[in-house]
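Here is the structure we will look at.
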Amino acid sequence: MTSRREFLRATAVLSSVPLSVSAGVAIEVPLTLSAVVIDNRYAAARVFGTRAQRAGITQRAIQGDITDLWLADLHPQWQSKPAAIAGLTARPALFCLEQLAWDYRMRVSYHAEHRAQPDGTMVHTVHVPLRGLSAVELVAAGAAWPGYAAGAISRLSATRSACGPSAACMEGSVGDDEVTLHSWVIAA
Amino acid sequence: MKLPQGVAQADFDNATAKWKVAVGAEWVFTSDEDVTLYRDAYSPFFGEEEERMASAAVAPSTTEEVQAVVRIANEHGIPLYPISTGRNLGYGGSAPVLTGSVVLDLKRMNRVLEVSESNAFALVEPGVSYFDLHKHIEDRGLKVWIDCPDPGWGSVIGNALDGGAGWTAWPFRDHFGAHCGMEVVLPNGDLVRTGMGAIPNSKSWQHNKWGYGPWVDGLFRQSNMGVVTKMGFWLMPRPQAYISGTARVYRHKDIIPLIEILSLLENEQVVNGSTSVGNPIVGGFGPGADPDVQALLRRPGGATPEALEAIAVARQIPYWTCTIPTYGPEKVVRAKMDYAKEKFAEIAGSTFVETDLLRMPLSAAQLEKAHKVDFGVPNLATFSIGSRTTFNPNPTSGHLWFSPIVPRSGEAIIEFQRFYAEHLQEITAGENLGFLGPITLTNWERSLVLMIMFPISRDKVQNRKIRDAFRRWVKLAGDRGWGEYRTAPSFMDDVAETYSFNNGALRRLHETIKDAVDPKGILSAGRYGIWPRHLRKPRA
């Protein structure tokens, strides 16, 4: 036996995969991304955020917990006008944001999982596809996958910058993040 | 989406058309794309034929609209399933018990109607989340606290009606116990206010719980007798100070005097915070646990208390701990902690560690380090702690809680531990199904909850094993007189079966009341094992 608080910490790892696993329609139309959410504890997420920022998308950083992001930014914004967001975070953040987005009839419209292997390679699993961002393409991007993913997602957005999908924009290799990260888009 | 059982498409379509007139077409959801948003993220049947799914959803914004929706449902025999915010994920979330029910989504009813600082109460609608109420109070600088569970996104009313609890002082953390007065739409569309609210123009609706005559509020807790559209709650005045202490004992049987002293302190109203009992000798879930202890635990049959105790005493690792947070005026809580220390010192060999006293309001820096819900601050931090890591390579997709009520004694804890160890092999067939626990919850005064967590994944074979195991634990615990105090929709019938005194007299009473207030059985069929007549299974 252990204390209730320790128990809750341990069971907090057991959060849900998004229900978007069952959806499979790739995003077809441009949409306006109001922000990119990154968990800045992870190097890959920081690279992702930087790339998206260069494409003109506002970056919002969390450290696992989305509470402040929700209360200060997203909730006030979505109450007046729900707007699409994208991100590279750990799974719990995506789970929470997906649940909250459902209240505004928004849902996960792209989702991929990025898992580091013990030998340093990455396994990318696309649960909800995005045109131009397949698992094959992510593997091909190698260590630059976060920038590549951010670039592909940024191209969805009406707020694109002049930095197109060239190798020059896919900068940054990532550090040794143990945590499996999730890239995603939430939109109406 | 599946039609409700026994409902013809024509009736369903007629009802839908009328709902669109009553609430506005944009608030009636019938497309698969919209209705899928009401799936239970933690369903142990996720993706299987038996997964409970809604057929549609209707989202009214006023009590009058709720009445209209309910009347239409009654007219056409359409089962409804009210949800507040639908975020009580460990206990069912937003999916109905009866597949095909139409979700009555009350999220749009999200007004904080009144908060009184001087009388320390709030009156809210069902769509008000803990976040919403906290913001309302903070924006106005009111010196009252809410009490909230770990995730702050849930509904204040919904959590209370589900029998939920929080983290601050008693009686506020008993969410249903802290309520005062309700407004309810009955299944026939009639509108009732309970307690002093039954007197027109009453100004004491949130001042006196009982009113006059039979107290009916309990009919709407964990049930399906009405749709609660307003509810009052007594709030805790912001305390001047908070202090906590932890008693540590080193012998297995010290749990007996430990719980006795804890109970005395609570019953004397010396300690009012959400206490906790820990078992540090077992080492928790993470790396860094004592390797000798881990080796003992891995033995067939696990570790004996005697073997663990030898390590606990030799290395001064506490066998048990008891943490006693307390809120109140500074002078008072300091005196209370001194008294509590004296009482725990009666256990030979025990030690006691006291925290620093904290004065309210906390600074931003203090709050950043604190477990925020202990101070009435809602948040979602509980979800952010874990992810797939090398330590946790296979995170799952949700969980179920088995939470039986156990008598308030150290002997009962020991008995439950033995019960768990005795049956684990049989229930799991020797397989590691990922159970966590049992842990002792002392946050409900006068009783204990011994909680076991069951992981849910997207693996259907694994989920079936988990469901079977859960049902087996419910039955075995019920045979010992330990009943679950709340549960997910998939197990509501199983748990209801354990409350079987006098051949199910309590269920018969529930059904008699149900048949009287909801003869067509349109409201939350099956919730907490209460089925309408036309859907009841024959019993011996």
Side-chain angles (χ1 to χ4, degrees), chain A residues 1-23 25 39 41-42 62-71 75-76 79 89-107 113-116 118 177-182, chain B residues 29 33-34 36-39 41-42 47 85 87 89 107 131 135 150-153 274 276-280 282-286 320-321 323 371 378-392 395-399 413 417 436-443 451 453 455-456 458:
Chain A
M1 279 195 195
T2 188
S3 73
R4 180 188 183 197
R5 193 144 300 165
E6 288 169 345
F7 184 92
L8 286 172
R9 285 181 63 85
T11 55
V13 307
L14 307 170
S15 56
S16 176
V17 292
L19 295 186
S20 56
V21 169
S22 61
V25 179
D39 190 328
R41 296 175 297 175
Y42 307 114
I62 63 171
Q63 296 215 321
D65 181 7
I66 66 145
T67 304
D68 290 342
L69 170 69
W70 173 250
L71 293 177
H75 189 218
Q79 276 186 314
T89 63
R91 185 165 70 174
L94 171 57
F95 171 72
C96 289
L97 288 168
E98 181 186 33
Q99 288 283 313
L100 292 164
W102 288 354
D103 288 349
Y104 300 91
R105 318 319 282 189
M106 295 204 288
R107 64 207 74 214
E113 190 175 322
H114 312 282
R115 193 186 324 174
D177 289 331
E178 278 189 6
V179 171
T180 295
L181 295 177
H182 296 253
Chain B
F29 308 108
E33 193 188 32
D34 276 333
T36 200
L37 300 182
Y38 295 96
R39 286 173 85 177
Y42 284 12
T85 60
R87 294 253 152 72
L89 296 179
K107 277 199 285 293
F131 282 138
K135 182 175 189 308
D150 268 294
W153 60 13
S274 184
S276 57
V277 165
N279 198 195
V282 175
F285 301 109
W320 305 100
T321 57
T323 300
H371 186 232
N379 62 89
L380 296 173
T382 191
F383 291 106
S384 71
I385 294 167
S387 266
R388 190 196 305 274
T389 65
T390 46
F391 168 58
N392 179 38
T396 57
S397 305
H399 50 263
I413 294 173
Q417 279 188 319
L436 292 177
I439 64 149
T440 304
L441 298 187
T442 52
N443 60 320
M451 186 182 280
M453 193 285 303
I456 296 296
R458 295 293 183 250

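Keep in mind that what you see is a predicted model, and the values were worked out from it rather than measured. Every chain is numbered from 1 and lettered A, B, ... according to where its sequence line falls, protein lines coming before strand lines.
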Assert top hit (heavy-atom pairs under 4.5 Å, partner chain B, pool A/Asp68, A/Asp65, A/Ile66, A/Leu71) equals A/Asp65
Determine the option with the most heavy-atom pairs under 4.5 angstrom with chain B, choosing from A/Gly64, A/Ala93, A/Pro118, A/Cys96. A/Cys96
Using 30° and 60° as the class limits, which term best fits the ring planes of A/Phe95 and B/Tyr42: parallel, tilted or perpendicular? parallel
Would you call the rings of B/Tyr38 and B/Phe29 parallel, tilted or perpendicular, where under 30° means parallel and over 60° means perpendicular? tilted
So, do B/Leu380 and B/Phe131 sit near enough that their side-chain heavy atoms are less than 4.5 Å apart? yes
Does any non-hydrogen side-chain atom of A/Asp103 lie less than 4.5 Å from one of B/Arg87? yes
Considering only heavy atoms, which portion of [X] lies under 4.5 Å from any heavy atom of chain B: side chain, backbone, both, or neither?
X: A/Leu100; result: both
X: A/Arg105; result: both
X: A/Asp39; result: neither

Under 4.5 Å from a heavy atom of chain A, the part of B/Pro378 involved: backbone
Is the backbone of B/Glu33 close enough, under 3.5 Å, to the side chain of A/Arg107 for a donor and an acceptor to pair up by distance? yes
